[in-house]
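Here is the naming used below: chain letters follow the sequence lines, and residue numbers restart at 1 for every chain. All values below come from the heavy atoms of this structure, side chains included, with hydrogens, waters and symmetry mates left out.
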Number of protein chains: 2
Amino acid sequence: MNRVREYRKKQKLSQFSLAEKVGVARQTINLIENDKYNPSLNLCISIAKVLGTDLNTLFWEVEDNES
Amino acid sequence: MNRVREYRKKQKLSQFSLAEKVGVARQTINLIENDKYNPSLNLCISIAKVLGTDLNTLFWEVEDNES
DNA sequence: ACTTTTTGTCATATATAATTGACACTTTTA
DNA sequence: TAAAAGTGTCAATTATATATGACAAAAAGT
């Protein structure tokens with residue numbers, strides 16, 4: 001699970017307005033938030049910049065090594 | 001410019017052996033290293049894991065704000 | 001010098017990311 | 001409570017990521 005929705009809401013953006021700022025279709029944002037597919041790196045970077053964050057924060061799953 | 005080549009060499013891997021470990025064609029690694037296209041997020045994550053690093057290190061350009 | 005490995009690149013084919021338009025349902029706001 | 005905005009999803013299309021096979025040239029190893 002990525003954290004796009006969480007950071008989008010922090011910025012008070014709708015899927016539609018985020019899509020506009022990023023320059024993609026609204027459906028693309030929706031699919032990414034719901035982990036329905038595999039976005040391109042450039043798209044991930046654009047989203048991260050618009051949301052004022054970075055790739056690791058949005059897309060890097062920290063595996064917990066606690067037993 | 002990404003840092004895949006740099007981290008691949010740190011691990012003493014050829015493009016071919018990295019491609020094998022990641023499970024893609026060698027050409028795909030070559031194209032990524034030479035910034036010829038836009039890989040998918042899942043592929044970036046696989047590469048980062050095989051190279052023992054993370055998304056930001058390999059693919060996040062730090063813009064220098066020094067004047 | 002020769003051989004083997006590695007890299008860059010081409011051309012063609014396939015899988016899938018991303019677009020567009022639409023509709024139903026939910027949530028917010030007037 | 002009605003209108004508007006936001007979300008999930010479907011189907012069809014287009015753009016492009018990735019695969020496969022191949023070849024030349026450079027680099028590394030013997």
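Side-chain N/O atoms of B:Arg8 include one lying less than 4.0 angstrom from OP1 or OP2 on C:dT7.
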Are any protein N/O atoms closer than 3.5 Å to N/O atoms in nucleotides 27-30 of chain C? If there are, list each pair with its distance.
none

At a cut-off of 3.5 Å, list every protein nitrogen or oxygen paired with a nitrogen or oxygen from nucleotides 26-30 of chain D, distance to 0.1 Å.
none

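For the pair B:Ala48 and B:Leu55, the tightest heavy-atom approach, listed with the atom from each and the gap, is CB-N, 4.2 Å. Across all non-hydrogen atoms, the minimal contact from B:Asn56 to B:Asp54 is N-OD1, 3.2 Å. Shown here for B:Arg3 and B:Thr57, the closest heavy-atom pair between the two residues is CD-O, 3.3 Å. Scanning all heavy atoms of the two residues, the minimum distance from B:Arg8 to B:Glu33 falls at NE-OE2, 2.5 Å.
Atoms CG and CZ, from B:Leu51 and B:Arg5 in turn, are 12.5 Å apart once rounded to the nearest 0.5 Å. In this structure, the separation between NZ on B:Lys9 and CG on B:Leu18 is 12.5 Å, given to the nearest 0.5 Å.
Taking the side chain as every heavy atom from C-beta outward, A:Trp60 and B:Lys49 approach each other to under 4.5 Å. Residues B:Gln27 and B:Gln15 fail the side-chain proximity criterion, which asks for heavy atoms closer than 4.5 Å.
Side-chain atoms of A:Asn2 come within 3.5 Å of backbone atoms of A:Ile32 as a donor-acceptor pair (strictly under, hydrogens ignored).
The distance from atom CG of B:Asn30 to atom P of C:dT5 is 19 Å, rounded to the nearest whole Å. One can place CD of B:Glu20 at 13 Å from P of C:dT7, the figure rounded to the nearest angstrom. Atom-to-atom, NZ of B:Lys9 to P of C:dT6 comes out at 12 Å; the value is rounded to the nearest Å. One can place CD1 of B:Ile29 at 14 Å from P of D:dT20, the figure rounded to the nearest angstrom. Nucleotide D:dT20 holds its C1' atom 13 Å from the CZ atom of B:Phe16, rounded to whole Å. Rounded to an integer number of Å, the gap from A:Arg5 CZ to D:dG8 C1' is 9 Å.
When hydrophobic clusters are built by joining Ile, Leu, Val, Met, Phe, Trp and Tyr residues whose side-chain heavy atoms come closer than 4.5 Å, directly or via intermediates, B:Phe16 is not grouped with B:Ile29. A:Val22 and A:Val4 fall within the same hydrophobic cluster, defined by Ile, Leu, Val, Met, Phe, Trp and Tyr side-chain heavy atoms under 4.5 Å apart, directly or through other members.
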Going by atom type alone, with no hydrogens or angles, which donor-acceptor pairs under 3.5 Å involve a side-chain atom of residues 37-44 of chain B and a protein atom two or more places apart or on another chain?
unit_1	atom_1	unit_2	atom_2	d
B:Asn38	OD1	A:Leu41	N	3.4
B:Asn38	OD1	A:Asn42	N	2.9
B:Asn38	OD1	A:Asn42	ND2	3.4
B:Asn38	ND2	A:Ser40	OG	3.2
B:Ser40	OG	A:Asn38	ND2	3.2
B:Ser40	OG	B:Leu43	N	3.3
B:Asn42	ND2	A:Asn38	OD1	3.4

* Go along nucleotides 15-25 of chain C 5' to 3' and tag each nucleotide: B for a protein heavy atom under 4.0 Å from its base, S when only backbone or sugar atoms are that close, - otherwise. => --SBBBBB---
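By the salt bridge (Lys or Arg N to Asp or Glu O under 4.0 Å) test, A:Arg26 is found to be paired with no residue, residues two or more places apart in sequence or in another chain being considered.
The end-to-end axis angle of the helix from C:dA1-D:dT30 to C:dA30-D:dT1, rounded to 10 degrees and based on five pairs per end, is 60°.
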